[in-house]
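As structure tokens, the structure follows; a few thoughts come after it.
Everything numeric here is computed off the predicted structure, so don't read it as measured data. Sequence positions, counted from 1, serve as the residue numbers for this chain.
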Amino acid sequence: MEAKKCVEGIDLNEPPHKIRGVRLSHVLLQKDCKNICRTKACDVSIELPSLWSISNFVSSKVYELNNFLKFSLYPDPEDARQSSEWGKFMHFLWHNKRAGIVRHGSFTFHILPDQSEERPNYSHAVILYETERKDPVICKRRTGISEKSNKSEEICDSVPNPRGLNASHIHHDPESSPCESVEDGNRISDSLVKRGKSTLRRNFVSTDPTYLRTLSQTHAGWIFGAIAELIDNSRDAGASRLDIFIQTMFSKKAAGKVPVLSVIDDGRGMAYPEMMRMISFGHKRPNEHCNEQIGRFGIGFKTGAMKLGKDAVVLTQTSTSRSVSFLSQSFNENKDNLEIPVVTYRKEGQYMEVDLSVQSEATAEYNLNAIKEFSPFNEYFIGEKLGLFGEEGTGTQIYIWNLDRWGKDYTLDWNSGRTDENPTDKGHGDILIRSKRVRSRPGQTSKQVPLDYSLHSYLEVIFRNPRMKITVQGSKVKARPLDKSLNTTSVISGDIAGRTIELTIGMSKVEWERTNCGVFLYWRGRLIESYKRVGGQMHNADTGRGVIGVADITELVDDEDGNSWVLNSKQGFQDCEMYAELEEWLGSSMDEYWETNFDNVELGKAAGRCKPDHEWVQCYGCRKWRVLTAGFDTESLPDQWFCLMPPFNGKCTIPEQQMGHGTITIGEKRSGNVGRNRTQREATAKVDTNKIGNNEFSQDEDVKNVKLIPTIVNKRKNTSNGTNSIEDDLDSNSSQTESVAPLHVLKRIRRGAPRGCKT
């Protein structure tokens, strides 16, 4: 309906105007990024934004003496939940005599319910709106992309400027940036507003394009941290497959081919509001905590992409939409304010058209032309790339070019995963940091740390429980979950500040050979710190050699308010009291494990006996990990191994085997170890070496029913005839220490000054 001007007063009890149905506008109401209800308005003379985000509430009494333009908003819920939320929302406004404030561009909308004394039916909401004045007429802005727009079209009307209420301290201006704006001064009392004696002057924050370069410095110390940000987004989107590669593309702007880093996943994709949140500079903290969610505040994509290169295009598809966004330093060069072109299409099957509910045809054309001019993409190439999703597929593709420089060359180096193009590495594709420098860590002496400069090696351990199928330069990344690749494994529980933490410790053959050791700390299942030396490892290169600890400390560093002690780069933790206590506990635990299980006399033999306690393989289909039969040749496994194949011969529905708590496992029978004399420590513990050496640690043919490591230490019982009981047979697949009465263990003589003595 046509907006009408209210002069004397506003009758909120006036029935809604009849819907003529000539022009229908849909509006989605939101509060704190959560949908309330879809609504509709008919025959409104202005261009309404499709998304209304309520910033705050004010008393509805202040509107009695103000003049506003007016129209009605009707509920048009998409489902039963929205219908219920509409009723709750309108009841809140009516019961508390409040009005919701929505700001978009030069417009301010005030949402009020029927203010009758009797309980209303909430059939509609009264919308009062005002606009800023531009002499000699009022210019109403019709944004092309919503409140985070980068281009606006002005339509001027000769409507007198109404006296309005400006009661919020936050305003979002489409011409400034997708950055929240701050207003100085805040609280003008209701009485002053009513008398019209005070005018709010709002100061808007603009974003200079050089801020993109500033954001990139978050990962200046290690460029793989920038790639990890993009990988985190794919994991949060539920992707099952992720492809990372660098290839050359022709760029019209560069008049030649340029290398382009591509990150492609098959996750849920992003609808228009989610895309806008991703390219905006931060958003409100999520109200609901998700222990698996890594990205939280909307900063990672900008910091990661802008470190990797100067320009990035994002293509994303959901079941109902396709969107393209362009975050570019080149496009914004010499501009005073940051502009981010976005084009969104409405999708129904294979039918596609510009989504006019979020942008105009002119805006979409302008943004598409900007992308074509400053990127290697045109509309045909974009269509080809989006076609990779298929008609029903979803996902996100990120393309980054003008890559970060290392002198006259690129910071990243890469080789092909094709054998014919890369015969030297036998087709093993990888992306490397050109300098191949090892990151600085306290006590670190080894220079053999591949995960510091090899993306392939880093992605092998980036997730504690890897599920995604990842390829780098076309080569499959074979995940290496650390706590499944250790020997003499011990699971230790501790209490820090009233919170429980578990630490898995063991000897790694690979790290022994590389002279590495330390703790790998994960947060929400993602690697944050690697090879963190603690305790005696910090002062002696040989102490703890090959010993690796693995722990997820999410519960320790996340507090009840939703704050986390993880650095913005996600490559370290903030200095806080709990983290200091954690370091002390980790140091004592690692030192105790080293003294208990290894002796300096045995160091020369360690490399031969630190094979993993159990060999594991990951199913290519269900992504679960299965323990292999003892002695099985892992080299004979195909690249795509499934649960139904030997030696597991089971189904994907069978639960994954887990390691129990508070147990120590000793490796299965190894060649060359049978019948050997044990060390003085083992002799003191009265372990029968003949029984252990000759015992066949073979798994049952039906491995799926094997409980790998029970939570209670195996209690061996002998029958009267001297043979092992049934309980022994059931637990013969995992070798553990005997549960006997406490024994007196000889303490190894320490060389040098006591540990507590500081030199």
Side-chain angles (χ1 to χ4, degrees), residues 285 288-294 296 441-444 461-465 481-484 486 488-508 511 516-540 543-544 547-598 658-665 709 711-713 754-756 758:
R285 183 175 61 217
E288 298 180 0
H289 301 298
C290 178
N291 288 337
E292 297 298 324
Q293 193 85 4
I294 301 175
R296 307 187 68 197
R441 300 178 180 88
Q444 177 78 36
V461 297
I462 188 174
F463 297 122
R464 189 175 186 186
N465 296 305
L482 293 173
D483 42 6
K484 289 180 170 63
L486 302 176
T488 318
T489 308
S490 176
V491 182
I492 304 172
S493 294
D495 184 272
I496 299 176
R499 304 182 185 184
T500 303
I501 181 175
E502 290 183 359
L503 174 66
T504 302
I505 313 177
M507 174 67 74
S508 169
E511 303 304 343
N516 289 326
C517 64
V519 182
F520 284 66
L521 294 179
Y522 289 80
W523 173 74
R524 299 182 183 272
R526 209 270 244 170
L527 180 63
I528 303 298
E529 286 189 330
S530 59
Y531 298 110
K532 180 179 179 62
R533 287 177 173 254
V534 292
Q537 296 174 339
M538 297 179 63
H539 311 293
N540 190 327
T543 300
V547 175
I548 296 297
V550 184
D552 191 306
I553 61 173
T554 303
E555 297 298 327
L556 184 64
V557 299
D558 285 358
D559 61 24
E560 295 79 3
D561 297 329
N563 299 313
S564 179
W565 297 100
V566 181
L567 298 178
N568 288 339
S569 64
K570 300 188 184 74
Q571 297 301 321
F573 297 94
Q574 299 180 33
D575 188 16
C576 60
E577 182 180 0
M578 283 188 293
Y579 187 65
E581 293 182 20
L582 171 67
E583 288 183 317
E584 184 178 352
W585 180 80
L586 291 174
S588 60
S589 300
M590 295 288 279
D591 287 347
E592 182 179 356
Y593 172 84
W594 174 256
E595 293 179 4
T596 303
N597 295 280
F598 299 96
Q658 301 293 333
M659 183 170 292
H661 308 289
T663 63
I664 297 179
T665 65
I709 300 177
T711 56
I712 302 177
V713 177
R755 182 182 305 158
K758 297 182 179 180

- Query: So Val547 and Ile505, side chain to side chain contact (heavy atoms under 4.5 Å, CB included) or not? Walk me through it.
  - Reply: CA-CA 7 Å; Val547 175; Ile505 313 177; 3.6 Å; yes
- Message: Is it the case that over 12 heavy atoms from other parts of the model lie below 6.0 angstrom from the CD atom of Glu584?
- Response: no
- Do the non-hydrogen side-chain atoms of Glu555 and Thr500 ever get within less than 4.5 Å of each other? no
- Item | Heavy-atom closest contact (Glu581 atom, Ala497 atom, distance) | OE1-N, 3.9 Å
- Item | Any Gln537 side-chain heavy atom under 4.5 Å of Trp594 side chain | no
- Say you draw a straight line from CG of Asp483 to CG of Asp552; how long is it, rounded to the nearest 0.5 Å? 10.0 Å
- In Å and rounded to the nearest 0.5 Å, what is the CE to CD1 distance from Met590 to Ile548? 6.5 Å
- Task: For residues Asp575 and Trp565, determine if any side-chain heavy atom of one lies less than 4.5 Å from a side-chain heavy atom of the other.
- Result: no
- Between Phe463 and Arg524, is any pair of side-chain heavy atoms under 4.5 Å apart? no
- Item | Nearest non-hydrogen partners of Cys517 and Gly544, listed with the distance | CB-O, 3.0 Å
- Distance from Gln574 atom CD to Leu567 atom CG, nearest 0.5 Å? 6.0 Å
- Under the salt bridge (charged side-chain N to carboxylate O under 4.0 Å, His left out) rule, collect the residues that match up with Lys532, sequence neighbours excluded. Glu529, Glu583
- Query: With a 4.5 Å heavy-atom cut-off, do Met507 and Leu486 have their side chains touching?
  - Reply: no
- Task: Please report the shortest heavy-atom distance between Val550 and Arg464, naming the atom on each side.
- Result: CG1-NE, 3.7 Å
- Item | Atom of Gly535, atom of Asp591 and distance for their closest heavy-atom approach | CA-OD2, 3.6 Å
- Message: To the closest 0.5 Å, what do you measure between OG (Ser569) and CD1 (Ile528)?
- Response: 8.0 Å
- Query: So which heavy atom on Asp558 is nearest to which on Ser564, and how close?
  - Reply: OD1-OG, 2.9 Å
- Between CE on residue Met538 and CG on residue Asn540, distance to nearest 0.5 Å: 12.5 Å
- Return the set of residues passing side chain to side chain contact (heavy atoms under 4.5 Å, CB included) with Asn516 (not counting sequence neighbours), or none when no residue passes. Gln444, Ser446, Val449, Glu511, Arg514, Tyr531
- Point-to-point distance, once rounded to the nearest 0.5 Å, from OG1 of Thr504 to NZ of Lys484: 9.5 Å
- Quick check: does any side chain N or O of Asn563 sit under 3.5 Å from a backbone N or O of Asp559, one acting as donor and the other as acceptor? no
- Close side-chain approach of Phe573 to Leu556, heavy-atom, < 4.5 Å: no
- Heavy atoms of Ile294 and Lys570 approach each other most closely as CG2-CE, 3.8 Å
- Would Leu482 and Tyr522 count as a side chain to side chain contact (heavy atoms under 4.5 Å, CB included) if you check the C-alpha gap in whole Å, the side-chain angles of each, and the deciding distance to 0.1 Å? CA-CA 11 Å; Leu482 293 173; Tyr522 289 80; 3.9 Å; yes
- Query: Near Asn568 CG, under 6.0 Å, is it more than 12 heavy atoms from other residues, nucleotides or ligands?
  - Reply: no
- Apply the test side chain to side chain contact (heavy atoms under 4.5 Å, CB included) to residues Leu503 and Val519: give CA-CA distance (whole Å), side-chain angles for both, the deciding distance (0.1 Å), then the verdict. CA-CA 9 Å; Leu503 174 66; Val519 182; 4.3 Å; yes
- Donor-acceptor pair, Ser588 side chain versus Trp585 backbone, under 3.5 Å? yes
- Message: Quick check: do Ile553 and Ile501 have side-chain heavy atoms less than 4.5 Å from each other?
- Response: yes
- Task: For Ser530, check side chain to side chain contact (heavy atoms under 4.5 Å, CB included) against everything at least two apart and list the hits.
- Result: Arg441, Leu451, Phe520, Leu527
